[in-house]
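Each chain gets a letter, A, B and so on, in the order the sequences are listed, and its residues count up from 1.
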2 protein chains.
Amino acid sequence: MDVAEFRRRGKEMVDYIADYLENIEQRPVYPDVEPGYLRNLIPSEAPVEPEDYNDIIKDVERVIMPGITHWHSPHFYAYFAAASSYPAMLADMLCGAIGCIGFSWAASPACTELETVMLDWLGKMLKLPECFIAGTSGRGGGVIQGTASEATLIALLAARCKVINRMRASNPQLSESEIFSKLVSYTSIYSHSSVERAALIGGVTMKKVSTDKNFAVRGETLKKMIEEDKAAGLIPFFVCATLGTTPSCAFDRITELGPICNEENIWMHVDAAYAGSAFICPEFRPLLNGIEFADSFNFNPHKWLLINFDCSAIWSPFSSFVLQHWQIPLGRRFRSLKMWFVFRTYGIQGLQTYIRKHVSLAKEFEKMVLADENFEICAEVIMGLVCFRLKGSNEINQKLLERITKLREIHLVPCQLEERFILRFAICARTTELRHIQRAWSHIKKLAYEILQESSHCLKG
Amino acid sequence: MDVAEFRRRGKEMVDYIADYLENIEQRPVYPDVEPGYLRNLIPSEAPVEPEDYNDIIKDVERVIMPGITHWHSPHFYAYFAAASSYPAMLADMLCGAIGCIGFSWAASPACTELETVMLDWLGKMLKLPECFIAGTSGRGGGVIQGTASEATLIALLAARCKVINRMRASNPQLSESEIFSKLVSYTSIYSHSSVERAALIGGVTMKKVSTDKNFAVRGETLKKMIEEDKAAGLIPFFVCATLGTTPSCAFDRITELGPICNEENIWMHVDAAYAGSAFICPEFRPLLNGIEFADSFNFNPHKWLLINFDCSAIWSPFSSFVLQHWQIPLGRRFRSLKMWFVFRTYGIQGLQTYIRKHVSLAKEFEKMVLADENFEICAEVIMGLVCFRLKGSNEINQKLLERITKLREIHLVPCQLEERFILRFAICARTTELRHIQRAWSHIKKLAYEILQESSHCLKG
């Protein structure tokens with residue numbers, strides 16, 4: 001393919017993408033395929049001779065689209081949002097064309113420098129404490145990671161390195177492996193699975209901390225565990241607190257956890273993967289209070305800040321963590337271009353408007369649920385997530401979700417809170433409007449009533 | 001930005017990209033900026049109000065381009081190649097628009113399935129042993145990682161998990177931390193820094209293995225180290241062999257290392273990050289012999305197989321490694337689309353032609369170097385890399401590289417082999433032709449002669 005053909009095909013692709021996103025509502029949000037569907041649709045080996053581009057692009061509709069879960073459909077309410085916006089896509093095209101591998105300043109100075117400045121822009125939007133901002137002479141700063149999983153791992157490794165150095169300095173008779181075996185880290189029972197995984201990779205123990213009735217970790221509970229572990233000769237060294245947990249968007253109390261960690265010389269990492277974006281709004285910023293106690297802070301602009309995946313931001317007040325590099329991979333794409341394009345195209349006001357719209361849609365959905373006494377709300381609605389269920393058994397709620405999934409009009413996933421099977425309704429797409437959630441609620445209610453009648457449950461209201 | 005504006009801006013961006021790549025030769029390959037240059041060119045905070053897109057796009061030339069090292073310029077001979085092709089860029093646009101986060105089959109079946117099949121296509125192109133191919137019932141298979149750093153880490157973690165399980169089963173009295181402290185892994189003194197980093201992250205010892213005069217690790221050397229370590233009560237568990245090392249593109253002898261690893265129950269990971277792409281050519285496939293002894297194999301199609309970064313492929317004969325997931329991050333982009341577009345657009349023949357062209361250009365450059373008796377070749381030229389230097393001191397070669405870098409007509413980086421400072425000339429860009437390397441060689445020779453005359457060295461020939 002020469003440059004002339006690229007000009008033509010590139011413009012066709014722009015139109016294909018625009019058509020796809022403009023008409024995405026018409027596609028069933030969830031695919032109707034069985035595992036292994038794709039292998040039968042394409043040859044088992046690569047072609048020896050070049051194929052015609054027209055045949056390739058035709059296969060996108062024939063082979064790929066039937067197997068796509070459409071994350072950017074306004075009928076998609078599963079997991080948490082994946083961000084998507086036109087300026088981010090334009091920036092990503094440019095990123096691909098420049099195609100530098102930014103593993104050092106010299107490998108492409110603009111790549112390193114724009115990233116540092118963009119993380120400053122974003123840090124200031126969140127009103128992070130001054131020590132998290134690089135500026136021209138700061139010791140802190142931020143970098144982009146691929147995902148929150150990597151950010152958590154990096155933070156845990158930095159904490160591990162720091163504690164080992166400290167322990168060896170104060171107890172030269174201890175071997176590294178003796179220290180290693182005594183290390184213990186903590187996180188909520190509702191933390192994301194990647195937190196436990198980080199400990200597994202780092203080869204250290206991680207203990208699960210139970211929560212209060214709002215599913216939030218409290219200082220007192222943590223303090224008790226730390227004291228018991230210290231008494232048993234263990235070395236508490238790392239806490240991963242979550243602001244906006246995956247199951248219910250609960251907020252661990254970092255104003256309580258922070259002082260304990262600081263006093264005990266424990267690294268506090270704050271994971272706000274989903275909720276972090278909302279802190280650009282003054283009304284939500286109080287949820288970030290306590291961040292001044294943190295040793296590292298991460299959230300995913302690629303979830304809720306209109307910057308396409310991947311773009312996970314991590315900050316720390318330390319000049320270069322304890323690790324020499326702030327990431328697992330050496331190579332990196334020029335991802336800050338996406339931030340630059342999006343921040344400037346929307347402006348802070350535009351981004352705030354976007355966050356507020358999602359939160360208000362969630363509140364509207366909450367009202368609909370509350371207005372029907374067959375249903376209950378299962379966790380406080382603070383951001384764009386509503387946890388709800390039919391009053392009744394887990395089985396009946398499982399059945400409801402199965403029907404929803406089977407009909408493919410909307411897509412949800414469940415969670416479990418205190419052994420209760422719960423439906424998560426997350427406002428996800430950039431184009432979700434009130435009419436979509438009204439339609440979604442009618443659909444859910446209709447299916448629920450059918451189930452209630454079948455099960456001869458008493459239909460209320 | 002609405003969909004209509006995206007259609008317009010997207011097409012403008014396609015033209016900008018086409019223009020950029022068509023005229024890239026005219027730009028100095030290496031930027032003329034000082035660290036910190038960018039911060040002064042843009043505001044210190046994000047704008048509150050939206051900005052005009054025209055202002056953003058104008059800033060690409062004003063702010064970004066002056067700080068770019070142009071990896072896809074035919075004057076770029078540094079590091080190793082970063083792949084770039086038009087079909088890969090088109091596929092990446094589509095990937096961004098679909099924007100699914102493929103962390104499970106249900107999250108987008110096509111994303112998981114196309115990846116499995118593409119890794120089979122690629123594995124077959126390399127003639128990997130059958131056990132590395134997923135097929136419909138295979139226990140092995142491949143997945144895409146972001147970088148070779150992540151692939152090495154995954155392999156090491158899988159090996160660590162496997163050995164700990166084995167040791168605990170056979171010696172129930174041993175604690176996990178006792179086993180941990182005895183684990184030892186091995187890699188060449190010429191391995192990439194990410195290999196040592198993987199051991200650091202995994203919390204295990206890694207020993208550096210010296211090489212023969214071709215900079216290749218030999219079986220005998222490894223065997224001796226393993227025996228000494230076993231005698232000292234340590235547990236050898238992991239070897240990372242490299243096919244195509246970063247400094248000189250040397251090939252560790254995996255036909256010798258493999259049987260030793262298999263006999264000793266040591267996980268052998270084979271890292272062919274750069275050279276791996278060449279194994280699709282029958283004449284280079286013998287360099288992969290011994291792969292049948294490996295527990296995992298990785299190379300980077302994003303280096304030399306025309307698939308834009310990131311796309312690093314790893315295979316293993318085990319159904320799901322020992323780790324539950326084959327990667328550090330949970331989320332993943334739909335990267336296999338790039339493979340699918342590229343393999344079909346070029347066909348295997350087109351890809352082979354591309355590899356052969358780079359190798360033959362390297363051989364041409366080698367001839368030019370050999371024809372001038374002021375210079376010497378420092379390592380066998382097997383792939384697209386030529387290691388050369390002026391006969392004489394390290395200082396004189398350092399001076400030569402400094403002048404090359406300062407003039408910004410071409411871009412090279414050095415390496416060190418047995419304490420000798422060496423210049424690496426890697427064929428990198430897709431568009432590099434004979435005329436470019438002829439021009440590069442004239443330029444290098446001119447600068448070298450100036451230095452030789454200044455230093456009153458005897459100019460030969």
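- Ranked by non-hydrogen atom pairs under 4.5 Å with chain A, the options B:Ile24, B:Asn308, B:Ile98, B:Val204 are led by B:Ile98.
- Scanning all heavy atoms of the two residues, the minimum distance from B:Met89 to B:Ser84 falls at CE-OG, 3.5 Å.
- For the residue pair A:Thr116 and A:Glu113, no side-chain donor N or O sits within less than 3.5 Å of a side-chain acceptor on the partner.
- Remark: A:Arg7 engages B:Glu22 in a salt bridge, criterion side-chain N to carboxylate O under 4.0 Å.
- Of the atoms belonging to B:Ser104, it is side-chain heavy atoms, and not backbone ones, that fall under 4.5 Å from chain A.
- Heavy atoms closer than 4.5 Å to chain A are found in the side chain of B:His192, but not in its backbone.
- A salt bridge links B:Asp92 with B:Arg333; the closest basic N to acidic carboxylate O contact falls under 4.0 Å.
- Only the side chain of B:Met65 comes within less than 4.5 Å of a heavy atom of chain A; its backbone N, CA, C and O stay farther away.
- With a 4.5 Å cut-off on non-hydrogen atoms, B:Ser194 does not touch chain A at all.
- When heavy atoms are compared at a cutoff of 4.5 Å, B:Thr147 approaches chain A solely by way of its side chain, counted from C-beta outward.
- Of the two parts of B:Phe76, neither the backbone nor the side chain holds a non-hydrogen atom closer than 4.5 Å to a non-hydrogen atom of chain A.
- In this structure a side-chain-to-backbone donor-acceptor pair under 3.5 Å is missing from B:Lys182 to B:Ser177.
- In this structure, A:Asp15 pairs ionically with B:Lys11, as a charged nitrogen and a carboxylate oxygen lie closer than 4.0 Å.
- With a 4.5 Å cut-off on non-hydrogen atoms, B:Leu122 does not touch chain A at all.
- With chain A as the partner, the residue from B:Leu156, B:Ile68, B:Thr152, B:Leu351 showing the most heavy-atom pairs under 4.5 Å is B:Ile68.
- Contact annotation for B:Lys124: only side-chain heavy atoms (C-beta onward) come within less than 4.5 Å of a heavy atom of chain A.
- Taking the charged nitrogens against the carboxylate oxygens, B:Asp59 and A:Arg344 do have a contact shorter than 4.0 Å, which makes a salt bridge.
- Interface residue B:Phe309: backbone and side-chain heavy atoms are both found under 4.5 Å from chain A.
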